Structure formats: C-alpha cells, structure tokens
Amino acid sequence: MDISKPERSATARQRMFEILEHGRRRDFASRIIDGFLVVLVVTNVAVVVAQSVPEVAAEYGTSLYVFDRLCVIVFAIEYAARIWVAPEHPMLRGNSPLMARLRFAGTPLMIIDALALVPWLLELLFPQSTLVPLTRLVRLLKLARYSPAIATIGRVIVSERRALMACVIILSGVLLTAAALMLAIEGHKQPGRLGDMSKTMWWAAAMLAKIGGGETEPVTALGRIVSAITVMLGIFCFALPVAIIGRGFYEEIRRRDFVITFAMVARVPLFSKLDASAIADLVSILRARTVTPGTTLMRQGDRGDAMYFIASGSVEVSSPTLSAQLSEGDFFGEMALLSKEPRTATVTAETSADLLVLEVDDFLRLLDRLPAFKEHIEQVAIERQHGRLKDS
Ligand code: CMP
C-alpha cells in the first residue's frame, strides 16, 4: 500500500483513476475526458494527412505544427497521469507503487500510448526523415482504448492463436509444396518466370490468393493440374481462418454480452419476492458478466467496488481460513461494500458462470430503497463473518 503519500493525494489518485481508467458508465468527467482525447487523436491524424498536401502545408504549416506540439503535450500529460494512477488498478494492487507502474507501462494500451509520443522524439533526432509522418499515424491506435470491438478482436485472436497458427503452418506448407512442384515441372521450360524458388513462390502465392499468376501460364499438362489444385487449396486455406475468427467472435460476444432478462433477475432468490417494477429497475442497473473457469473475480485485500449475483455456474470463495462454494442464486462481494473494509476472501470462478454485477453506488442506493434487501444482505454478511458458510 502506498502509505508514504498523504491521504489527500491517495484520494486524488483514486479519483483520477476512476476518470481515466475505470470507465464508469455514469461518470460525467470520465466521459468528457474520453471524448476530448478521441477528438484530439482523430484531429491529430487528420493534421498529419493535411500536412502531406504541399498547398495546405504551405498555407497553414505553422498552425498545424503548433497544433501537433499541443497534442504531444496533452498526450504526454495523459501518459504520465495514467502511470501515476496505476497503483489503483485492481489487478495491480499488492504490488509496490513502482512495480505497479512498471507493470502497467508494459500493458498493450500503454505501449501504444508510449509509441504515440515516439514520433516527437524521432523528429528531434531526425528532423529530415520522411518516415516521421508515417510514425505519427500510430496515434490512431490510441482509439483502441475507446473501442470495445477492437479489444474484442484482440481477445479473439489471442484465444484462437493456436488454431490460427495451424492455418499459417498449413498455408506455408501448401505454398512451399506448390512452389517446389512447379519448379520441378516447369522450371526448365520457363526459366525466366519459374526458374527458381523465389519466382515459383511468388507464382504459388498469386495462385493461392486467386489473383492469378499474371503472365505465368503453365505450359505442361502436369503444370496445369498443379495450378488447378493450388487454386482450390487457396480457397480452403483462406476460408479456414475466416471461419475460426467468426466462431471466436461468436463465443466472445456470447461470453461478454449476454442479455440480462427479467426472468434471470427474478430467479435470484433474493429478488424473487420483489414486485415487477422493482425487478424491471434492477434489470436496468445490473451489468452482465460471463466468466470462464479459473477467472479471479476478486482478491482478498482488494477494495470493494461491486457485488455479484450468480445467475448460473459456481465460484469458489477462499482465504487462509476458509473454503466455500457458491452457486446459482447465491451472491458474493457484499461484505466489503457494507463494511467499507478490504475484501475478506478471494473469489474464483469454478465453472463458466453468468454473473449479474451490482456496482457500489447502485448497491448503496438499493439498500436505501429496499429495506428487505438490506436486511437480508446484512444478515448473510454477519453469518459469513461468523464463519457459517453459504447464503440464502
Ligand atoms: P467480500 O469480503 O466483499 O469479498 C469476498 C467475499 O466472499 C465476501 O464479500 C463474501 O461475499 C464471500 N464470503 C466471505 N466469507 C464467506 C463465507 N464464510 N461463506 C461464503 N461466502 C463468503
């Protein structure tokens, strides 16, 4: 814990973390800052394009240059602020502030942020280089932070990496085999076009991608048969990764964005006695989250920011003195919200689980609005505190 800092600074850091990293749906400041940064990135990239047009550069060169410098200053402040708040990140708690910052600096989005600042350094070092404007376009990647879809693509590629790697190996095998066969069959007949492996590999790549072999027509019957088979294998080789990524997307989206339905909320025993309008209210404030087996949902000692209801699946609650299983209809994560103390145990998904997440602000509002909910949650928390397992 960062005890050397005064409490006021820790609170400011916490708030800054919420604004920059937490992405709370209703946080006005967070939305304003995100919007500002998105506009700045897009405008900056537009400026890079504009600067490459000689007439525009001649007329507005100085203003565009000043704008670019201002962007660099804002991006540098943003980078420094994100590094400063890193110790607040739930996944990095438990590390020393320095270690948390170093580890955070190594995350993909922070590497992109650092790369966005590199062109400015390059410009200082190599003012004449024609490659510098190209490197400035890397800033467009900063938008990845604001696009859940891009994050989804990244996750799909990571989760399907083995199948995709198999596709690359198959494609390379087919390419090399077709190239070697063509060299053996037609290399001596068309030495200018198919006389070595570099030429036949280019021919094989063109056939596989179905852009045709250009002028290079096979002149032997065997050569034509190899060409026809190569084209057909090309269809297979390119369809395979498309199908793998499509399936990965479907799985990922199903995993993340299942729809919270009225029936699902009503199935949680704690809510089953509520009237229809109260359940409809809950449907709108609960957030869906599906997790895979082994996902750590909270760690003992973390600060509490939400509680969870299990719509399906099971989780394991563990601490040095406790091991318990919770399943469909149970809830967890309420103790830290009630006591404002750190989490009392670590909770890990045992199976794939559909969870309904209730953020701390909504939790506190609900306690005020639904006395029966408050009473039940407090009762279960007291029982758990006294070591009696399971709830409701
Ligand atoms: P919280 O302390 O916020 O985070 C860990 C959670 O584990 C805790 O809330 C409870 O929801 C749950 N938990 C703690 N002790 C027990 C217990 N004895 N039986 C079941 N669940 C528990």
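This one's a predicted model, so the numbers in the text were calculated from it and none came from an experiment. For ligands, and for the atoms within them, numbers begin at 1 and follow the listed sequence.
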Subject >> Which segment of L322 sits under 4.0 Å of ligand 1 when only heavy atoms are counted >> reply: side chain
Original post:
Among all residues two or more places apart in sequence or in another chain, which pass the ring pair (Phe, Tyr, Trp, His ring centres under 6.0 Å) test with F67?
Top reply: none
Subject >> N-O pairing of K199 and D196 below 4.0 Å >> reply: yes
Subject >> Selection residues 174-187 - residue pairs positive for side-chain hydrogen bond (donor to acceptor under 3.5 Å, both in side chains), sequence neighbours left out >> reply: E186-Q190, E186-T220
Original post:
What atoms in ligand 1 come closer than 4.0 Å to a heavy atom of M298?
Top reply: 4 (O), 5 (C)
**OP:** For F332, take its heavy atoms, then give the atoms of ligand 1 lying under 4.0 Å from any of them.
**Re:** 11 (O)
**OP:** Have a look at L297, V380, V317 and point out the one with the heavy atom closest to atom 12 (C) of ligand 1.
**Re:** V317
**OP:** Find all atoms of ligand 1 within a distance of less than 4.0 Å from any non-hydrogen atom belonging to T344, and give their numbers and elements.
**Re:** 1 (P), 2 (O), 4 (O), 5 (C), 8 (C), 14 (C)
Subject >> Under-4.0 Å salt bridge between K142 and E78 >> reply: yes
Original post:
How about L140 and L143: do any of their side-chain heavy atoms sit closer than 4.5 Å?
Top reply: yes
Original post:
Is there a heavy atom of G333 sitting under 4.0 angstrom from any atom of ligand 1?
Top reply: yes
Subject >> ligand 1 atoms in contact with A336 (distance to a heavy atom under 4.0 Å) >> reply: 1 (P), 2 (O), 3 (O)
Subject >> Salt bridge D362-R365, side-chain N to carboxylate O under 4.0 Å >> reply: yes
